[in-house]
Amino acid sequence: MADKISVFVLSNNQKLKEIVSLYLQEDVDFEFVADTLEHSDLYNEVTSLPYSVLLADLNEESRFEQINQIATDCPSCKIVAVKDFPDVKFIVNAIRAGAKDILAYPLIKSDFTGTLARLKSEFTTPKNNQKCRIISVFSNKGGIGKTCIATNLAYELAQNTKDKVALVDLNFQTGDITTFMGLQPTYDISYIFENMKTLDKDLLESLMTKYKETSLYVLSNPPSFEQGAEVSVKTLEKFFNSLKENFSYIIVDMDSGFNQKTTYTMSISNLVLLPTIVSLPALRNCRRCLEMFKKLGFGDKKVQILINRFMENDEVSADDVVEFLEKQIYAKLPNNYFAIMGAINKGVLLSEISPNSNLAQSFKELAIHVADSVFTNKMIIKLDESKLRYHNTMEK
Ligand SMILES: Nc1ncnc2c1ncn2[C@@H]1O[C@H](COP(=O)(O)OP(=O)(O)O)[C@@H](O)[C@H]1O
Ligand SMILES: [Mg+2]
């Protein structure tokens, strides 16, 4: 094992963190990660690592749910529950929630190192490249470019990584992925939600529409309004869990607005792309979304800003946008109405008809950037005004 295994501590107890840090100071296999992470950041962090250990202080009941989510979604993270005086009932509940081991607080060094040694032996080959990432494209404004971005991003991801990509239209009322891609699917998402009980990953894939000779599979919105009116979190959870087993990337296009469906989907996403155009109302709106994401506990890395329809000589510059939103820009997509409408009207994706257009190139770069950042989660973005490009400057 080349790299050290990261050990995270989920606790408000400073003493616990200090003692873990002290015990691991000279450890050759494990290293303490000093950051205090919000749940969503922690989730993103552990799902992006091939192996990790999470010491979860379960004196707080609310953490059971958090560790359960991590244990379900991320088997490469081994969870150790920590509690003052753990009793049998606690141990049973902690194991059910996904803990691999239990330690009493205050930690005794020999118990702690013994547990880590056992966990180390459970880590085998890195699982990083087998995992699936969910990327949702959201705005609470319509007409901002969500569907253009979701469809072209999904296509470019499939073409450039050759991994299997699922494109899901969760916009039940005004979803138009099928129009953008010229598809006439036999099944739509409402059929899947209605037949959830019998659904497994292979059946799910067989009900999706493969896009031409690519590794992109599409799941369209229902043809009529009432069919997809309601969907519970439980249904969505099962649906995404099945999808995750067969795909490397899931791209979700959504309706505009915060509701149970969009909020839940974004909460389980590894990356939320928030497109905006450079106009004052859109930017104000974008800022409100960022505030909402903060309230929802989404970490800074999870939500990323895309400037769509960017124009080099616009009155408002990219720097102004950064200043206004107090956030770096993840990527910029140039304004090219002629090119994108040419593709939409033919029901094809942009690089199928205008591969050399600046917008098609930017979608390709965006896909590479997304693949890079969701699987390493270590990105520093620098704006490069002259080239309309991002730079991923961190080594992997
Ligand atoms: N980069 C772009 N350059 C020019 N026009 C664009 C661009 N992106 C989107 N558009 C235009 O905006 C319209 C709305 O895009 P769409 O993806 O349907 O938005 P949303 O899904 O957010 O409602 C498209 O029909 C297209 O005309
Ligand atoms: Mg749309």
Side-chain angles (χ1 to χ4, degrees), residues 135-156 167-183 185 188-189 218-223 225 228 251-259 261-262 265-266 269 272-279 281-286 288-289 303-314 316 318 321 329-367 369-370 387-390:
I135 298 125
S136 36
V137 185
F138 175 82
S139 164
N140 64 344
K141 249 183 166 354
I144 220 90
K146 290 186 294 299
T147 306
C148 290
I149 294 165
T151 49
N152 285 285
L153 169 63
Y155 178 76
E156 296 297 341
L167 173 62
V168 179
D169 199 340
L170 271 194
N171 185 350
F172 292 160
Q173 303 246 323
T174 50
D176 38 23
I177 284 181
T178 49
T179 316
F180 276 50
M181 298 173 72
L183 299 173
D188 64 78
I189 204 161
V218 182
L219 195 49
S220 69
N221 66 318
F225 282 1
I251 311 296
V252 192
D253 186 15
M254 280 185 288
D255 45 313
S256 317
F258 288 92
N259 54 46
K261 180 185 63 183
T262 56
T265 304
M266 289 191 282
S269 295
V272 176
L273 294 176
L274 181 62
T276 181
I277 54 170
V278 182
S279 78
L283 288 170
R284 281 214 177 105
N285 190 65
C286 192
R288 267 186 241 132
C289 288
V303 180
Q304 296 290 349
I305 306 283
L306 285 187
I307 301 185
N308 192 24
R309 311 195 69 164
F310 182 74
M311 284 186 286
E312 203 58 70
N313 301 320
D314 212 326
V316 184
V321 177
I329 308 299
Y330 186 75
K332 291 176 283 184
L333 299 165
N335 187 51
N336 194 336
Y337 186 78
F338 179 74
I340 196 77
M341 283 318 290
I344 294 171
N345 288 335
K346 286 190 183 64
V348 295
L349 296 163
L350 187 54
S351 66
E352 294 181 271
I353 55 159
S354 308
N356 298 324
S357 63
N358 58 355
L359 187 52
Q361 287 299 315
S362 294
F363 281 132
K364 182 175 172 179
E365 286 165 10
L366 175 67
H369 187 25
V370 165
K387 292 187 195 149
L388 283 176
R389 281 177 195 197
Y390 69 86

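As the structure is a prediction and not an experimental result, all values here were calculated from the model. All residue numbers refer to positions in the sequence shown, counting from 1. Whatever order the structure lists ligands and atoms in, that order sets their numbers, starting from 1.
- The backbone N or O of Leu350 lies less than 3.5 Å from a partner atom in the side chain of Asn152, making a donor-acceptor pair.
- Considering backbone and side-chain N/O of Asn336, one or more are found under 3.5 Å from N/O of ligand 1.
- Assignment of Ala150 to the shell around ligand 1 is not supported, since no heavy atom sits closer than 4.0 Å.
- The two residues Glu156 and Ala360 come nearest to each other via the heavy atoms OE2-O, 4.4 Å.
- When all heavy atoms are compared, the tightest approach of Leu167 to Ala150 is CD1-O, 3.8 Å.
- Formation of a donor-acceptor pair under 3.5 Å by the Gln361 side chain with backbone atoms of Pro355 is found in this model.
- Nearest protein heavy-atom contact of atom 8 (N) of ligand 1 is Asn308 ND2, 3.0 Å.
- In terms of N/O distances under 3.5 Å, ligand 1 is not approached by Lys141.
- Remark: ligand 1 and Ile149 share no N or O pair separated by less than 3.5 Å (distance only, no angle test).
- Rounded to the nearest 0.5 angstrom, Ser139 OG and Leu273 CG are separated by 12.0 Å.
- Residue-ligand proximity, Asn335 to ligand 1, at heavy-atom distances under 4.0 Å covers atoms 3 (N), 4 (C).
- Of all atoms in ligand 1, listed by their number and element, those nearer than 4.0 Å to a heavy atom of Cys148 are 9 (C), 15 (O), 17 (O).
- Because the distance cut-off is set at 2.8 Å, Thr147 qualifies as a neighbour of the Mg ion (ligand 2) through one of its N, O or S atoms.
- Residue Phe180 approaches ligand 1 through these ligand atoms, each under 4.0 Å from one of its heavy atoms: 18 (O).
- Ligand 1 has a nitrogen or oxygen under 3.5 angstrom from a nitrogen or oxygen of Thr147.
- Numbered from 1 in the order shown, with element, the atoms of ligand 1 that lie under 4.0 Å from a heavy atom of Met341 read 25 (O), 26 (C), 27 (O).
- Ranking protein heavy atoms by distance to atom 13 (C) of ligand 1, first place goes to Gly143 O, 4.5 Å.
- From Leu349, atom CG reaches atom CD1 of Ile344 across 10.0 Å, with rounding to the nearest 0.5 Å.
- Residue Ile144 has at least one heavy-atom neighbour below 4.0 Å for each of these atoms of ligand 1: 19 (O), 20 (P), 22 (O).
- Atom CD1 in Ile144 sits 6.5 Å away from atom OG in Ser279 (nearest 0.5 Å).
- The protein heavy atom nearest to atom 12 (O) of ligand 1 is Arg309 NH1, 3.9 Å.
- Counting the atoms of ligand 1 from 1 in the order shown, those under 4.0 Å from a heavy atom of Pro334 are 1 (N), 2 (C), 3 (N).
- A donor-acceptor pair is defined here as one N or O able to donate and one able to accept, closer than 3.5 Å; such a pair exists between the side chain of Thr151 and the backbone of Cys148.
- In terms of polar-atom proximity, Ile340 is not counted as a contact of ligand 1, lacking any N or O under 3.5 Å from an N or O of the ligand.
- We find the CG-OG1 distance between Leu183 and Thr178 to be 6.5 Å, quoted to the nearest 0.5 Å.
- Here the heavy atom of the protein found nearest to atom 15 (O) of ligand 1 is Gly145 CA, 3.6 Å.
- By the criterion of a heavy-atom distance under 4.0 Å, the side chain of Ile344, and not its backbone, is placed next to ligand 1.
- The closest donor-acceptor contact from the side chain of Lys146 to the backbone of Lys141 lies under 3.5 Å.
- Shown are Val278, Asn335, Leu333; of these, the side-chain contact (heavy atoms from CB on, under 4.5 Å) with Asn308 is made only by Leu333.
- At least one heavy atom of Gly142 sits closer than 4.0 Å to an atom of ligand 1.
- The two atoms that bring Ile251 and Ala154 nearest to each other are CG1-CB, 3.8 Å, heavy atoms only.
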